[in-house]
J.: 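So that we are looking at the same thing, I have put the structure below in structure tokens.
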Amino acid sequence: MARYIMALDQGTTSSRCILFNEKGLSVGVDQKEFTQIYPKAGWVEHDPMEIWKTQYEVAKGAIERANITAEDIAAIGITNQRETTVVWDKRTGQPVYNAIVWQCRRTAPICDDLVSRGFKEKIREKTGLIVDAYFSGTKVKWILDNVEGAREEAEKGNLLFGNIDTWLIWNLTKGKVHVTDYSNASRTMLFNIHDLKWDEELLEILNIPKAMLPEVKPSSCVYGYTDPSLFGAEIPIAGDAGDQQAALFGQTCYEPGTAKNTYGTGCFMLMNTGEKAVESKNGLLTTIAWGIDGKVEYALEGSIFVAGAAIQWLRDELKIIETSPESEKYATAVEDTNGVYVVPAFVGLGAPYWDQYARGTIVGLTRGAKKEHLIRATLESLAYQTYDVLKAMEEDSGISLKALKVDGGACANNFLMQFQSDILGVQVDRPEVIETTALGAAYLAGLAVGYWKDKKEVSQNWAVSRSFKPGMDCEKREELLRGWHEAVKRSLGWYKES
Ligand SMILES: Nc1ncnc2c1ncn2[C@@H]1O[C@H](COP(=O)(O)OP(=O)(O)O)[C@@H](O)[C@H]1O
Ligand SMILES: O=P(O)(O)OC[C@H](O)CO
């Protein structure tokens with residue numbers, strides 16, 4: 001009897017594989033960072049072949065580290081950076097262009113055009129999304145319009161589109177399966193989240209041939225089997241969800257009103273709204289959480305584009321820290337930021353501002369500003385951005401959170417978590433397993449093949465490791481937030497104005 005579930009977690013900066021046992025604990029893990037390609041200011045690309053290669057290598061690496069064989073794996077769950085767009089030739093399996101990453105701003109003018117043609121409300125109603133370069137639809141259009149011969153081949157039916165989940169499943173099955181799940185489809189700006197179909201009208205508006213699109217299925221079902229040449233056995237691929245929805249699932253937020261916040265490259269807060277697609281009045285997205293047990297459930301989402309990526313910026317571009325965890329040591333070496341605010345709007349601002357033209361801004365510098373202040377201000381910016389999103393969510397849902405479940409790489413930072421709790425005035429709960437994205441994908445796969453019985457059984461695996469309680473007085477909090485909102489104002493529209 002197979003004993004483990006494999007989760008393939010294809011994130012924005014690294015490909016990861018984790019093998020889980022029935023308690024939801026990791027028994028083997030492997031991870032590889034891959035190349036970030038920045039061809040122009042505001043453009044971000046990945047090499048789809050490198051993504052596949054690193055993902056395959058870490059899958060083999062995790063099997064080796066856990067000292068098991070493919071026969072010991074009951075199923076594979078896939079979870080992925082969402083929206084990132086790959087178009088490939090189905091005859092050769094070769095991408096026609098690099099993957100255009102969710103953070104890429106190149107299609108902002110296409111979005112402006114959609115808004116000026118009056119499609120904003122229609123798109124919002126059908127897809128739950130705000131017109132923004134973030135989503136896949138305009139990225140597919142850009143590839144068809146700009147890569148020589150691509151539109152012609154797409155019209156002949158030779159090209160396929162997929163987000164990273166679809167691309168991985170295609171490669172894992174050696175070109176046999178072209179599929180996605182409801183949660184990923186809901187991020188394309190091409191999918192009607194109410195009637196659960198690719199939307200003919202939106203496809204026409206963006207001039208995208210329907211034949212390119214994958215079949216859309218629930219998030220927990222058998223999509224196909226790995227080609228035996230890859231791992232030496234056919235393993236069922238049985239779970240698929242966008243990484244933020246997978247984290248919501250891994251945090252066992254199954255009841256309407258429960259929420260989580262993931263601190264990875266970006267930061268994403270999702271609240272389960274059950275079978276109801278709640279429309280936001282405060283700049284949040286309405287998205288599909290997952291399809292499981294014969295129904296689809298929805299979530300409200302606050303998407304913050306740059307979170308952990310700002311810490312990587314301190315490390316890789318400014319070179320003022322050597323590792324991301326080191327940021328904590330510098331942040332706690334000073335009492336405050338000395339009046340410095342960092343707004344990491346490197347790729348514009350997402351929720352709740354939705355400004356494609358905002359850019360990174362540092363304000364409040366004085367002669368006494370030290371690198372420690374800058375590092376602390378960068379970490380604090382993650383918490384402030386989360387504050388803005390939580391307020392929007394509370395207004396939209398009418399629910400005041402008692403505690404916020406957190407996960408993702410940067411939630412390991414104790415300074416950040418304490419500051420987060422202080423700024424929100426809400427308890428922050430960090431679970432024992434912070435790899436909840438991978439865990440959620442594993443749960444979805446395991447449930448599909450009967451490895452776990454039901455959601456109730458997996459819920460028992462969730463346990464808190466540390467709670468952070470708010471300790472800041474209200475006046476101080478208000479003062480800090482006032483400064484933050486002034487700083488945000490100064491970042492808005494910068495790219496257009498300059
Ligand atoms: N201790 C830490 N303090 C602050 N940021 C951290 C810490 N550890 C990791 N990070 C940040 O978290 C991110 C990695 O988290 P992860 O969940 O793996 O992201 P992703 O899935 O988006 O690749 C990186 O951007 C990194 O800078
Ligand atoms: O790579 P992550 O984990 O920051 O997630 C990226 C999101 O899916 C983008 O929508």
Side-chain angles (χ1 to χ4, degrees), residues 7-16 18 29 31-34 36 44 46 51 54-55 58 79-85 99 101-104 129 132-136 139 163-165 183-184 186-189 241-248 250 260-270 285 287 301-317 321-332 344 346-347 350-351 375-376 378-383 406-420 430 433-441:
L8 300 182
D9 177 4
Q10 208 302 303
T12 310
T13 56
S14 72
S15 298
R16 201 168 357 201
I18 306 184
V29 52
Q31 176 166 359
K32 277 197 170 122
E33 288 205 3
F34 57 88
Q36 303 293 314
V44 190
H46 293 155
I51 285 188
T54 50
Q55 195 62 69
V58 295
T79 183
N80 54 293
Q81 50 166 323
R82 305 165 305 165
E83 299 97 14
T84 297
T85 297
V101 177
W102 59 276
Q103 297 163 317
C104 186
L129 306 177
D132 193 274
Y134 178 25
F135 306 106
S136 318
K139 299 180 197 291
N163 293 125
I164 298 297
D165 61 320
S183 71
N184 274 295
S186 75
R187 316 296 299 184
T188 57
M189 220 173 81
D243 56 8
Q244 302 310 323
Q245 287 92 334
L248 190 71
K260 66 87 201 180
N261 197 31
T262 301
Y263 301 76
T265 304
C267 199
F268 299 87
M269 191 186 295
L270 271 75
L285 307 173
T287 202
E301 171 173 326
S303 326
I304 295 165
F305 293 156
V306 173
I311 313 303
Q312 286 173 328
W313 167 72
L314 296 174
R315 184 192 67 183
D316 301 340
E317 273 73 31
I321 52 174
E322 275 182 18
T323 64
S324 294
E326 210 182 67
S327 59
E328 183 168 351
K329 180 181 84 187
Y330 288 110
T332 50
F346 301 148
V347 293
I375 294 166
R376 184 172 172 129
T378 306
L379 275 172
E380 289 188 358
S381 76
L382 276 58
V406 296
D407 54 55
C411 90
N413 190 306
N414 292 326
F415 163 76
L416 172 62
M417 291 301 105
Q418 184 56 54
F419 187 76
Q420 183 69 86
R430 185 166 65 198
V433 177
I434 64 169
E435 295 287 359
T436 48
T437 298
L439 186 58

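In listed order, ligands and their atoms are each counted from 1.
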J.: Compare every heavy atom of Ala331 with every heavy atom of Leu379, then report the nearest pair and how far apart it is.
T.: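 Reported closest heavy-atom pair: CD1-CB, 3.8 Å.
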J.: Report the nearest protein non-hydrogen atom to atom 22 (O) of ligand 1: residue, atom name, distance rounded to 0.1 Å.
T.: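 Looking at atom 22 (O) of ligand 1, the protein heavy atom closest to it is Thr265 OG1, 2.5 Å.
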J.: Distance alone, cut at 3.5 Å: any donor-acceptor contact between the side chains of Asp165 and Asn184?
T.: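 There is such a pair between these side chains.
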J.: For Asn413, is at least one N or O under 3.5 Å away from an N or O on ligand 1?
T.: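 So ligand 1 has an N or O lying under 3.5 Å from an N or O of Asn413.
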J.: State the atoms of ligand 1, each with its element, that fall below the 4.0 Å cut-off from a heavy-atom position in Ala309.
T.: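 Counting from 1, the qualifying ligand atoms are 25 (O).
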J.: For ligand 1, which atoms, with element, lie under 4.0 Å from some heavy atom of Gly408?
T.: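 The atoms of ligand 1 under 4.0 Å from a heavy atom of Gly408 are 17 (O).
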J.: What is the closest protein heavy atom to atom 12 (O) of ligand 1, and at what distance does it sit?
T.: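 The protein heavy atom lying closest is Ala410 N, 3.5 Å.
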J.: Which residue and non-hydrogen atom of the protein lie closest to atom 17 (O) of ligand 1, and at what distance in Å?
T.: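 Ranking protein heavy atoms by distance from atom 17 (O) of ligand 1, first comes Gly409 N, 2.9 Å.
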J.: Using non-hydrogen atoms of the residue, decide whether Gln312 is closer than 4.0 angstrom to ligand 1.
T.: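 Within the 4.0 Å threshold, so yes.
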J.: Give me the nearest non-hydrogen protein atom to atom 26 (C) of ligand 1 as residue plus atom name, then the distance to 0.1 Å.
T.: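 Residue, atom and distance for the closest contact: Ser324 OG, 3.5 Å.
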J.: For ligand 1, indicate whether the residue Ser327 contacts it via side chain, backbone, both or neither (heavy-atom separation under 4.0 Å).
T.: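 Within the 4.0 Å criterion, Ser327 contacts ligand 1 through side-chain atoms alone.
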J.: Heavy-atom contacts with ligand 2 below 4.0 Å: which residues, ordered by chain and residue number?
T.: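 Protein residues near ligand 2 are Gly11, Thr12, Gln81, Arg82, Glu83, Trp102, Tyr134, Asp243, Gln244, Thr265, Gly266, Phe268.
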J.: Please give me the minimum heavy-atom distance between Cys267 and Asn261, naming the atom from each residue.
T.: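 Scanning both residues completely, I find the closest heavy atoms to be SG-ND2, 3.5 Å.
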J.: Verify whether one side chain among Thr262 and Asp407 offers a donor that lies under 3.5 Å from an acceptor in the other.
T.: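 Distance-only check passes for Thr262 and Asp407.
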J.: Sequence neighbours excluded, which residues qualify as salt bridge (Lys or Arg N to Asp or Glu O under 4.0 Å) partners of Arg82?
T.: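 Arg82: salt bridge (Lys or Arg N to Asp or Glu O under 4.0 Å) contacts with Asp243, Glu301.
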J.: With a 3.5 Å distance limit and no angle check, can you tell me whether Thr84 reaches the backbone of Trp102 through a side-chain donor-acceptor pair?
T.: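 Looks like yes, one N/O pair under 3.5 Å.
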J.: Is the shortest side-chain heavy-atom distance between Thr265 and Gln103 below 4.5 Å?
T.: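 A side-chain contact under 4.5 Å exists here.
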J.: In terms of atom number and element, which parts of ligand 1 are under 4.0 angstrom from non-hydrogen atoms of Pro325?
T.: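 With Pro325 as reference, the close atoms of ligand 1 come out as 1 (N), 2 (C).
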J.: Could you tell me how the ring of Tyr134 sits relative to the ring of Phe305: parallel (under 30°), tilted (30 to 60°) or perpendicular (over 60°)?
T.: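 Correct class here is perpendicular.
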J.: Check whether Asn163 reaches the backbone of Glu83 with its side chain - one donor and one acceptor, N or O, closer than 3.5 Å.
T.: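 Side chain of Asn163 to backbone of Glu83: a pair is present.
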J.: Would you kindly specify which portion of Arg16 sits under 4.0 Å from ligand 1, judged on non-hydrogen atoms: side chain, backbone, both or neither?
T.: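 Near ligand 1, Arg16 shows its side chain, while the N, CA, C and O stay back.
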J.: Under 4.0 Å from a heavy atom of Thr13: which atoms of ligand 1 are those, numbered in the order shown and with their elements?
T.: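 Counting from 1, the qualifying ligand atoms are 23 (O).
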J.: Got a donor-acceptor contact below 3.5 angstrom from the Thr79 side chain to the Ala241 backbone?
T.: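 Judged by distance alone, yes, a pair lies under 3.5 Å.
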J.: Return yes if some donor-acceptor pair links the side-chain N/O of Glu328 with the main-chain N/O of Asn414 below 3.5 Å, else return no.
T.: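 Yes, because the side chain of Glu328 sits within donor-acceptor range (under 3.5 Å) of the backbone of Asn414.
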J.: For Ala412 and ligand 1, does the shortest N/O to N/O distance drop below 3.5 Å?
T.: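 N/O-N/O distance under 3.5 Å: no.
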J.: Backbone N or O of Cys411 within a donor-acceptor pair of the Arg430 side chain at under 3.5 Å?
T.: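 Yes; at least one donor-acceptor contact below 3.5 Å.
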J.: Need the ligand 1 atom indices (1-based, order shown) with element for anything under 4.0 Å from a heavy-atom of Ile311.
T.: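 Going through ligand 1 atom by atom, the ones under 4.0 Å from Ile311 are 5 (N), 27 (O).
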J.: Treating Lys139 as the side-chain partner and Ala133 as the backbone partner, does any N or O pair qualify as donor plus acceptor under 3.5 Å?
T.: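 Flag set: sc Lys139 to bb Ala133 pair under 3.5 Å.
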J.: Just distances here: any N/O of Gly308 and N/O of ligand 1 closer than 3.5 Å?
T.: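 Gly308 vs ligand 1: N/O contact under 3.5 Å present.
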